Amino acid sequence: MAASSAPDEPDIFSDEALAQLQHALDRALETPRGGNEVLLDSAVQRLCSEVNARRLPPEKMVVALKAAWQRLTVRGPMGEDRKHNLYERLLGRCLESYFRGRATG
(Lines give C-alpha, C1' and ligand atoms only; values in the text may rest on other atoms or scores of the structure.)
Protein backbone atom coordinates (compact mmCIF):
# COMPACT_ATOMS: atom_id res chain seq x y z
CA MET A 1 0.00 0.00 0.00
CA ALA A 2 1.01 3.59 -0.53
CA ALA A 3 2.33 5.69 2.32
CA SER A 4 -0.31 7.19 4.61
CA SER A 5 -1.28 10.82 4.12
CA ALA A 6 -2.37 11.21 7.75
CA PRO A 7 -1.79 9.03 10.81
CA ASP A 8 -5.50 8.24 11.29
CA GLU A 9 -6.30 7.93 7.59
CA PRO A 10 -4.54 5.05 5.83
CA ASP A 11 -4.45 4.98 2.06
CA ILE A 12 -6.91 2.56 0.54
CA PHE A 13 -5.45 2.47 -2.96
CA SER A 14 -2.54 0.26 -3.94
CA ASP A 15 0.66 1.79 -5.28
CA GLU A 16 -0.07 0.10 -8.60
CA ALA A 17 -3.54 1.68 -8.84
CA LEU A 18 -2.11 5.11 -8.07
CA ALA A 19 0.62 4.63 -10.69
CA GLN A 20 -2.06 3.67 -13.23
CA LEU A 21 -4.02 6.80 -12.32
CA GLN A 22 -0.90 8.96 -12.67
CA HIS A 23 -0.25 7.50 -16.12
CA ALA A 24 -3.86 8.10 -17.18
CA LEU A 25 -3.76 11.70 -15.96
CA ASP A 26 -0.48 12.30 -17.78
CA ARG A 27 -2.05 11.09 -21.02
CA ALA A 28 -5.25 13.05 -20.38
CA LEU A 29 -3.27 16.26 -20.01
CA GLU A 30 -1.35 15.77 -23.25
CA THR A 31 -4.36 16.81 -25.32
CA PRO A 32 -6.33 20.05 -25.05
CA ARG A 33 -9.73 18.38 -24.66
CA GLY A 34 -8.81 16.00 -21.86
CA GLY A 35 -7.06 13.14 -23.58
CA ASN A 36 -7.35 9.42 -23.43
CA GLU A 37 -10.66 8.58 -21.77
CA VAL A 38 -10.05 4.83 -22.00
CA LEU A 39 -6.97 5.05 -19.78
CA LEU A 40 -8.77 7.26 -17.29
CA ASP A 41 -11.79 4.93 -17.18
CA SER A 42 -9.53 1.93 -16.65
CA ALA A 43 -7.71 3.66 -13.78
CA VAL A 44 -11.03 4.66 -12.18
CA GLN A 45 -12.36 1.11 -12.45
CA ARG A 46 -9.25 -0.20 -10.73
CA LEU A 47 -9.50 2.31 -7.88
CA CYS A 48 -13.16 1.49 -7.35
CA SER A 49 -12.66 -2.24 -7.53
CA GLU A 50 -10.11 -1.94 -4.71
CA VAL A 51 -12.58 0.07 -2.62
CA ASN A 52 -15.46 -2.30 -3.35
CA ALA A 53 -13.32 -5.36 -2.61
CA ARG A 54 -12.71 -3.96 0.87
CA ARG A 55 -16.40 -3.04 1.22
CA LEU A 56 -15.56 0.52 2.17
CA PRO A 57 -18.18 3.28 2.13
CA PRO A 58 -18.03 5.92 -0.61
CA GLU A 59 -16.99 8.58 1.90
CA LYS A 60 -13.69 6.78 2.49
CA MET A 61 -13.08 6.60 -1.24
CA VAL A 62 -13.74 10.34 -1.66
CA VAL A 63 -11.33 11.24 1.17
CA ALA A 64 -8.67 8.86 -0.15
CA LEU A 65 -9.09 10.15 -3.71
CA LYS A 66 -8.63 13.75 -2.56
CA ALA A 67 -5.49 12.79 -0.62
CA ALA A 68 -4.14 10.88 -3.62
CA TRP A 69 -4.94 13.79 -5.95
CA GLN A 70 -2.92 16.15 -3.77
CA ARG A 71 0.09 13.82 -3.97
CA LEU A 72 -0.10 13.12 -7.71
CA THR A 73 2.17 15.04 -10.05
CA VAL A 74 0.27 17.06 -12.61
CA ARG A 75 2.79 17.58 -15.39
CA GLY A 76 2.85 20.56 -17.68
CA PRO A 77 1.16 23.94 -17.45
CA MET A 78 -2.32 23.74 -16.05
CA GLY A 79 -4.53 26.50 -14.73
CA GLU A 80 -6.43 26.03 -11.51
CA ASP A 81 -9.76 25.88 -13.38
CA ARG A 82 -8.60 23.04 -15.60
CA LYS A 83 -7.07 21.21 -12.66
CA HIS A 84 -10.29 21.57 -10.66
CA ASN A 85 -12.40 20.41 -13.62
CA LEU A 86 -10.20 17.35 -14.10
CA TYR A 87 -10.50 16.48 -10.41
CA GLU A 88 -14.28 16.87 -10.52
CA ARG A 89 -14.44 14.67 -13.61
CA LEU A 90 -12.31 12.06 -11.89
CA LEU A 91 -14.42 12.18 -8.71
CA GLY A 92 -17.66 11.88 -10.68
CA ARG A 93 -16.37 8.87 -12.59
CA CYS A 94 -15.18 7.25 -9.37
CA LEU A 95 -18.58 7.66 -7.73
CA GLU A 96 -20.38 6.29 -10.78
CA SER A 97 -18.04 3.31 -10.95
CA TYR A 98 -18.24 2.73 -7.20
CA PHE A 99 -22.02 2.50 -7.17
CA ARG A 100 -22.12 0.50 -10.38
CA GLY A 101 -19.73 -1.98 -8.73
CA ARG A 102 -21.93 -2.15 -5.63
CA ALA A 103 -25.00 -2.84 -7.75
CA THR A 104 -23.36 -5.68 -9.65
CA GLY A 105 -21.04 -7.00 -6.94
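These figures come from a predicted structure and were not determined experimentally. Values reported hereafter were calculated over all heavy atoms of this structure, with side chains retained and with hydrogens, waters and symmetry mates removed.
Note that CG of L95 and CG of L65 are 8.5 Å apart. Values are rounded to the nearest 0.5 Å. Atom CZ of R27 and atom CG of L25 lie 10.0 Å apart (nearest 0.5 Å). Here CG of L18 is found 10.0 Å from CD of Q20. Values are rounded to the nearest 0.5 Å. Of the inter-residue distances, the one linking E50 atom CD with E16 atom CD reads 8.0 Å to the nearest 0.5 angstrom. Between Y87 atom OH and Q70 atom CD the span is 8.0 Å, to the nearest 0.5 Å. Taking CD of E96 as the start and SG of C48 as the end, the distance is 10.0 Å to the nearest 0.5 Å.
In the hydrophobic clustering of ILVMFWY residues, with side-chain heavy atoms under 4.5 Å counting as a link, L86 and L91 come out together. A single hydrophobic cluster is seen to contain both L90 and L72, as judged by linkage of ILVMFWY side chains at heavy-atom distances under 4.5 Å, directly or through other members.
For the 3.5 Å distance criterion, the side chains of Q22 and D26 qualify, holding a donor opposite an acceptor.
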side-chain contact (heavy atoms from CB on, under 4.5 Å) assessment of E37 paired with R93: CA-CA 11 Å; E37 301 298 317; R93 285 177 179 206; 2.3 Å; yes
Between V51 and K60, does the side-chain contact (heavy atoms from CB on, under 4.5 Å) criterion hold? Intermediate values first, please. CA-CA 9 Å; V51 172; K60 293 235 184 237; over 6 Å; no
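For the pair R46 (side chain) and S42 (backbone), a donor-acceptor distance under 3.5 Å is absent.
The shortest non-hydrogen separation linking L47 to A17 is CD2-CB, 3.8 Å.
Counting only heavy atoms from C-beta outward, the side chains of H84 and D81 never approach each other to under 4.5 Å.
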